[in-house]
**Student:** 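Sharing a structure here in structure tokens format.
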Amino acid sequence: MTRVLLLGGTGDALRIARQLGPAHVYSLAGLGKVPDDLACAVRVGGFGGTEGMARYIEDERIGLVIDATHPYAAQISANAARAARLASVPCWALRRQGWQPQAGDAWRMVGNWTEMMDALATFTRPLFTLGREPLAHLDEIAPHQFWTIRCLDPHEGHARARILATRGPFTLEGERALFDAQAFDVVVSKNSGGAATEAKLEVARERGLPVVMLRRPELPAVDREFGSVAELLEALRLTG
Ligand code: NAP
């Protein structure tokens with residue numbers, strides 16, 4: 001039997017992990033919740049870069065690496081592809097489709113924080129939904145702006161920002177209520193794809209609000225790519 005190292009930290013990865021037996025390993029960075037109800041082994045924390053992961057693969061006799069990390073977690077994806085190559089085992093990846101703009105959407109694509117700030121310059125009440133990065137820039141909030149930052153990290157708060165430490169999925173009704181209460185004039189997002197956090201885009205569309213979208217990072221080539229959990233699980237079943 002091929003021993004799997006599954007790299008996770010996403011809802012999709014957890015769905016795969018739930019199908020793995022005790023011989024396999026689910027690996028998490030350690031930033032979020034660590035499940036305690038899985039049949040497979042769970043390890044938490046970094047490997048110490050590419051070489052560390054390659055050593056782990058060899059020491060633990062891993063036969064297949066599956067990268068099911070978030071599409072913006074580019075470092076671990078690059079490490080996984082290289083480490084698997086170094087250890088001469090295949091690397092598969094779950095590459096979730098990004099969202100596509102629909103009729104009436106006003107998306108502005110940006111590549112980094114500076115471009116994002118330029119795109120936001122004329123707005124007053126942005127909703128940030130791209131993780132903790134804005135927390136490092138609270139002292140740079142323009143005088144005409146008030147930021148709402150939704151991320152997993154709790155924070156003591158800030159005079160010019162509201163930090164919502166909440167975890168998806170988010171419903172359409174919940175998002176509508178939030179947008180009504182906070183009168184956002186722009187939404188800032190990663191193009192994560194998937195249904196869990198998509199409702200904000202629908203509400204932005206309903207209200208004619210622009211979206212500043214951070215482009216996806218480049219991800220490495222791997223031996224096999226899958227667009228859905230079901231396809232990946234089917235391939236895994238066929239491998240035995
Ligand atoms: P990253 O920048 O790609 O990775 C940074 C380092 O964290 C990696 O080099 C690795 O340390 C460690 N690491 C990341 N994922 C790991 C895993 N599954 N198992 C063991 N070590 C891991 O990652 P990130 O963007 O900070 O994201 C961290 C985790 O949160 C990822 O697992 C990702 O799936 C999840 N996540 C990320 C986002 C996002 O927007 N970036 C959103 C939702 C969930 P070593 O080099 O020491 O091995």
Side-chain angles (χ1 to χ4, degrees), residues 3-18 20 24-35 38 40-60 62 64-87 91-99 110-113 116 127-136 149-153 164-170 187-198 200-201 212-220 222 225-226 229 232:
R3 189 170 197 217
V4 170
L5 171 63
L6 171 67
L7 303 167
T10 61
D12 283 344
L14 184 58
R15 275 190 282 283
I16 299 167
R18 291 203 183 287
L20 298 180
H24 307 291
V25 184
Y26 181 41
S27 174
L28 291 166
L31 305 176
K33 271 197 300 200
V34 177
L38 298 180
C40 65
V42 179
R43 68 165 297 289
V44 180
F47 294 90
T50 303
E51 284 73 23
M53 197 192 298
R55 241 185 340 268
Y56 180 90
I57 292 169
E58 284 164 358
D59 291 350
E60 296 294 325
I62 299 294
L64 171 65
V65 175
I66 299 179
D67 173 16
T69 59
H70 191 272
Y72 285 73
Q75 185 62 59
I76 187 73
S77 293
N79 292 0
R82 268 191 251 119
R85 229 177 5 255
L86 281 176
C91 183
W92 293 1
L94 182 65
R95 301 269 200 250
R96 189 164 66 188
Q97 275 285 323
W99 296 308
V110 294
N112 55 42
W113 182 261
M116 190 188 300
L127 167 64
F128 288 88
T129 62
L130 35 66
R132 76 174 68 83
E133 190 172 7
L135 297 179
I149 301 162
R150 185 162 68 190
C151 62
L152 294 182
D153 309 57
L164 304 174
T166 50
R167 176 187 296 276
F170 301 105
V187 177
V188 189
S189 182
K190 288 178 176 170
N191 192 350
S192 302
T197 58
E198 195 178 10
K200 63 190 169 193
L201 298 179
V212 173
M213 189 67 85
L214 185 62
R215 262 186 226 103
R216 282 191 170 199
E218 290 272 330
L219 294 175
V222 288
E225 278 191 21
F226 301 87
V229 169
L232 192 148

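Indexing begins at 1, ligand by ligand and atom by atom, following the structure's order. Counting from 1, the numbers follow the sequence of the chain as shown.
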**Student:** Please identify which atoms of ligand 1 are closer than 4.0 Å to at least one heavy atom of A74.
**Tutor:** 3 (O)
**Student:** Does ligand 1 have a heavy atom under 4.0 Å from the side chain of S192, from its backbone, from both, or from neither?
**Tutor:** neither
**Student:** Within a radius of less than 6.0 Å around CD of E225, do more than 12 heavy atoms belonging to other residues, nucleotides or ligands occur?
**Tutor:** yes
**Student:** What residue and atom, counting heavy atoms only, is the protein's closest point to atom 6 (C) of ligand 1, and at what distance?
**Tutor:** Q75 CG, 4.8 Å
**Student:** Could you say whether the N/O atoms of S77 and ligand 1 ever approach to under 3.5 Å?
**Tutor:** no
**Student:** Given side chains that start at C-beta, do those of L38 and L20 come closer than 4.5 Å, heavy atoms only?
**Tutor:** no
**Student:** Looking only at protein heavy atoms, which one is nearest to atom 43 (C) of ligand 1, and how far off is it?
**Tutor:** H70 CD2, 3.4 Å
**Student:** Look at atom 47 (O) of ligand 1 and say which protein heavy atom is nearest, naming residue and atom and giving the distance to 0.1 Å.
**Tutor:** G48 N, 2.9 Å
**Student:** For G8 and ligand 1, answer yes if some heavy atom of the residue is under 4.0 Å from a ligand atom, otherwise no.
**Tutor:** yes
**Student:** Nearest 0.5 Å, please: how far is CG in L28 from OG1 in T69?
**Tutor:** 11.0 Å
**Student:** Which residues pass the salt bridge (Lys or Arg N to Asp or Glu O under 4.0 Å) test with R150, sequence neighbours left out?
**Tutor:** E175
**Student:** Could you find the nearest protein heavy atom to atom 10 (C) of ligand 1 and give me its residue, atom name and distance?
**Tutor:** I76 CD1, 3.8 Å
**Student:** Quick one: does ligand 1 sit under 4.0 Å from the side chain of N79, the backbone, both or neither, non-hydrogen atoms only?
**Tutor:** side chain
**Student:** Just how far is it from atom CD1 of I66 to atom CG of L94, taken to the nearest 0.5 Å?
**Tutor:** 9.0 Å
**Student:** Would you say R132's side chain and L152's backbone share a donor-acceptor pair under 3.5 angstrom?
**Tutor:** no
**Student:** Does E60 offer a backbone N or O that forms a donor-acceptor pair with the side chain of R3 under 3.5 Å?
**Tutor:** yes
**Student:** Which of the atoms in ligand 1, numbered in the order shown and given with their element, are less than 4.0 Å from a heavy-atom of T69?
**Tutor:** 34 (O)
**Student:** At less than 4.0 angstrom from any non-hydrogen atom of K190, what atoms of ligand 1 do you find?
**Tutor:** 39 (C), 40 (O), 41 (N)
**Student:** May I ask you to decide if A68's main-chain N or O and T10's side chain share a donor-acceptor pair within less than 3.5 Å?
**Tutor:** yes
**Student:** I need the nearest protein heavy-atom contact for atom 7 (O) of ligand 1: residue, atom name and distance, please.
**Tutor:** A29 CB, 4.5 Å
**Student:** If I apply the N/O under 3.5 Å rule, does S27 come out as touching ligand 1?
**Tutor:** yes
**Student:** Any nitrogen or oxygen of L7, main chain or side chain, under 3.5 Å from a nitrogen or oxygen of ligand 1?
**Tutor:** no
**Student:** To the nearest 0.1 Å, how far is atom 35 (C) of ligand 1 from its closest protein heavy atom, and which atom is that?
**Tutor:** G9 O, 3.6 Å
**Student:** F128 vs W113 aromatic rings, parallel, tilted or perpendicular, using cut-offs 30° and 60°?
**Tutor:** parallel
**Student:** With a cut-off of 4.0 Å, which atoms of ligand 1 are near a heavy atom of G45?
**Tutor:** 20 (C), 21 (N)
**Student:** Check whether any N or O atom of T10, backbone or side chain, sits under 3.5 Å from an N or O atom of ligand 1, and answer yes or no.
**Tutor:** no
**Student:** Just by modelled atom types, is the N191 backbone N or O under 3.5 Å from a matching donor or acceptor in the R216 side chain?
**Tutor:** yes
**Student:** Checking the side chain of T129 only, and the main-chain atoms of V188 only, is there a donor and an acceptor separated by less than 3.5 Å?
**Tutor:** yes
**Student:** May I ask you to identify, for R43, whether its side chain, its backbone, both or neither come under 4.0 Å of ligand 1 on a heavy-atom basis?
**Tutor:** side chain
**Student:** For G49, take its heavy atoms, then give the atoms of ligand 1 lying under 4.0 Å from any of them.
**Tutor:** 45 (P), 46 (O), 47 (O), 48 (O)
**Student:** Check ligand 1 against G46 and write out every atom of the ligand that is under 4.0 Å from a heavy-atom position of the residue.
**Tutor:** 11 (O), 21 (N), 45 (P), 47 (O), 48 (O)
**Student:** Going by side-chain contact (heavy atoms from CB on, under 4.5 Å), W92 matches just one of V222, L64, L6. Which one?
**Tutor:** L64
**Student:** What is the closest protein heavy atom to atom 27 (O) of ligand 1, and at what distance does it sit?
**Tutor:** A73 CB, 3.9 Å
**Student:** If you measure every N/O of L31 against every N/O of ligand 1, is any gap under 3.5 Å?
**Tutor:** no
